[in-house]
Number of protein chains: 2
Amino acid sequence: MTDSRSRCGECPTRRFCLARDLDASGLDRLSALLAPPIQLSRGDYLYRFGDRTSALHLVRSGAFKTLTVTADGEEHVTGFHFPGEIFGLTGFTTGVHEDTAMALDTSSVCRVHVDELPGLWGAGCDVAFLRLLGEKESAATRLRILLSEPRAASRLAVFLLQLAERQRRLGRTTDVLYLPVSRTDLANHLGMTLEALSRVISRLSRAGLLAMERMEVRVLRQAELETLAGSR
Amino acid sequence: MTDSRSRCGECPTRRFCLARDLDASGLDRLSALLAPPIQLSRGDYLYRFGDRTSALHLVRSGAFKTLTVTADGEEHVTGFHFPGEIFGLTGFTTGVHEDTAMALDTSSVCRVHVDELPGLWGAGCDVAFLRLLGEKESAATRLRILLSEPRAASRLAVFLLQLAERQRRLGRTTDVLYLPVSRTDLANHLGMTLEALSRVISRLSRAGLLAMERMEVRVLRQAELETLAGSR
DNA sequence: ACACCGATTTGATCGCGATCAAATCGGTAT
DNA sequence: ATACCGATTTGATCGCGATCAAATCGGTGT
């Protein structure tokens, strides 16, 4: 009897993750290769910079952040990761993680050990990997466009709209966005100071466009946010 | 007799591209699957936004730029691509290119048609694809860090140092960097106006840190550039 | 050599966000 | 309730880069 927690067929987010494109046989194969999911609490490290890259990670529930530290000691929050998303691939080039991953909330991740990955080749799984390549590249492009916005308000607007889009793909409502992220981390990720972010949030809240709390964001006037996102 | 131009064994950049990790049998397999390289002149489009994604592209010589156009009509130069580098993967998710690729100079690209890609699975090639995933993610991280620099001079410095690193991997000298890119495109890619870029270049040139011409950049004082790159 | 046109540089002004500083909020332990 | 500490907000100043404008450079064709 297979451990029920490692079986994709019963996973609530299986239709949105790596397994999305797999047929029944591919799903069985993936299920067999998956290591039991890891449970983490807020603030727990999943892996740290310099750890050996032992597996591919796939968010099952909760949320993670990844960050890198540059040579001069600056910390950069490279991304936030939600259910169905794969992260931490930087380590595949060198075999050692080039970033650090931390749980932002009570979370769990599925893993495929690198030694098992070749077992996924062929039969639908290859398609999944090509999609993964394309999606990672697309995500990088979107982030590039976001960071090119000169206005802080535009950057926040673009980020929130992209976040809403991600939640939409998960089949969740988009009026309340799940975002268990500190101001410091969010500002860092958006390429601005936390003071600048705080001011933007205050301004947009006062204007009634949105409402941000510790864990949740409410988009109150999507159309106006879209205008902000597009306006230079 | 195989068309000599499609055979990786004779390609001057084979040790730096997808084929890098392949053994002899993998190399033969790749060679057999490669479509004959395409030759392009400066300004030629390799593919455009909306074209069907028919192949994976690999720079053999010259240089390319990729760009996307956002909903509001803004153009974003998402990257410059040099020999040995693979680009245009965004199309693998939807089957349609989400960006446009143009030759910046007399160039040639190798291609693997998407229908042929599954023929690459297994035996060393899978490792190459995992590396590709990791490298793409790492490149995205580096770009993210670059664009987070608030100072225009820092962004340019980081870009040039990364460019030098890329050339170093190709076994070229790093005192003269090949960069057949207009000010407009470079400024766009670096997230600043061309006036700002022009001023920064003038300032750093006057200070004797570098010399930039249409096609070439000379890094005259690498140490000082590195200081600039690191300084906030 | 000349006119012409795009690319690049230089000039001047202004607004936004970085920076330094201080106040306020929120949660926790005592 | 109080003290305490990190997170967040608010305040004030200043510098850099966006913006608008104009000059100059460079290459092409005549």
Side-chain angles (χ1 to χ4, degrees), chain A residues 41-43 65 72 74-77 102 104-105 145-159 179-207 209-217 228-232, chain B residues 41-43 65 72 74-77 102 104-105 145-159 179-207 209-217 228-232:
Chain A
S41 302
R42 179 170 196 273
K65 71 171 177 182
D72 54 317
E74 295 293 316
E75 195 169 283
H76 289 263
V77 177
M102 179 187 280
L104 293 168
D105 198 354
I145 290 172
L146 186 160
L147 288 171
S148 291
E149 292 289 343
R151 297 280 182 72
S154 299
R155 291 213 282 279
L156 177 62
V158 170
F159 176 79
L179 187 65
V181 173
S182 72
R183 291 283 188 275
T184 302
D185 282 344
L186 184 55
N188 181 309
H189 183 62
L190 298 182
M192 63 181 94
T193 61
L194 84 165
E195 295 98 320
L197 175 61
S198 177
R199 277 182 240 273
V200 168
I201 292 174
S202 297
R203 186 151 48 87
L204 297 189
S205 296
R206 240 178 285 121
L209 299 202
L210 51 81
M212 286 185 77
E213 292 167 37
R214 188 165 241 328
M215 289 255 173
E216 288 179 351
V217 184
L228 259 184
S231 73
R232 197 41 42 99
Chain B
S41 302
R42 179 169 197 272
K65 72 171 175 182
D72 53 316
E74 295 293 317
E75 195 169 283
H76 289 263
V77 177
M102 179 189 279
L104 293 168
D105 197 354
I145 290 172
L146 186 160
L147 288 171
S148 291
E149 292 289 343
R151 299 280 180 72
S154 299
R155 291 212 284 280
L156 177 61
V158 170
F159 176 79
L179 188 65
V181 173
S182 72
R183 292 283 188 274
T184 302
D185 281 344
L186 183 56
N188 181 309
H189 183 62
L190 298 181
M192 62 181 95
T193 61
L194 84 166
E195 295 99 320
L197 175 61
S198 177
R199 278 182 240 272
V200 169
I201 292 174
S202 297
R203 186 152 47 86
L204 298 189
S205 297
R206 241 178 285 121
L209 299 201
L210 51 80
M212 285 185 78
E213 293 168 34
R214 187 167 243 328
M215 290 252 170
E216 290 179 351
V217 184
L228 259 184
S231 71
R232 199 40 44 102

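Each chain gets a letter, A, B and so on, in the order its sequence line appears, and its residues count up from 1.
Straight-line distance from the CZ atom of R151(A) to the P atom of dG17(C): 7 Å, rounded to whole Å. Here dG26(D) presents its P atom at 11 Å from CD of E213(B), a figure rounded to the nearest Å. Taking atom CE of M192(A) as the reference point, atom P of dC16(D) lies 21 Å away to the nearest angstrom. In this structure, L190(B) places its CG atom 16 Å from C1' of dC16(D), rounding to the nearest Å. M215(A) places its CE atom 12 Å from the P atom of dG27(C), with the value rounded to the nearest Å. Atom C1' of nucleotide dA18(D) and atom CD of E74(B) are separated by 13 Å, given to the nearest angstrom. The interatomic distance linking L204(B) (CG) with dC16(D) (P) rounds to 13 Å, in whole Å. Whole-Å rounding puts the L156(B) CG to dG17(D) P distance at 11 Å.
For the helix from dA1(C)-dT30(D) to dT30(C)-dA1(D), the terminal axes (five pairs an end, C1' atoms, rotation from four pairs onto the next four) enclose an angle of 40°, given to 10 degrees.
Two residues are said to be in side-chain contact when any heavy atoms from C-beta on lie closer than 4.5 Å; L179(A) and F159(A) meet this criterion. Between L186(A) and M212(A), the closest side-chain pair of non-hydrogen atoms falls below 4.5 Å. Put simply, the side chain of H189(A) does not reach to within 4.5 Å of the side chain of V181(A), judged on heavy atoms. Within the 4.5 Å cutoff, the side chain of V158(B) has no heavy atoms near those of the I145(B) side chain. Using a 4.5 Å heavy-atom cutoff, the side chains of T184(B) and N188(B) are not in contact. Looking only at side-chain heavy atoms (C-beta outward), R155(B) and V200(B) stay at 4.5 Å or farther from each other. Side-chain contact check for L204(B) versus L228(B): some heavy-atom pair is nearer than 4.5 Å.
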message = Please encode protein proximity along nucleotides 4-9 of chain C as a string of B, S and -, counting only heavy-atom distances under 4.0 Å.
response = ---SSB
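Residues passing the side-chain contact (heavy atoms from CB on, under 4.5 Å) test with R199(B) are E195(B), sequence neighbours excluded.
The two residues G191(A) and S148(B) come nearest to each other via the heavy atoms CA-OG, 4.2 Å.
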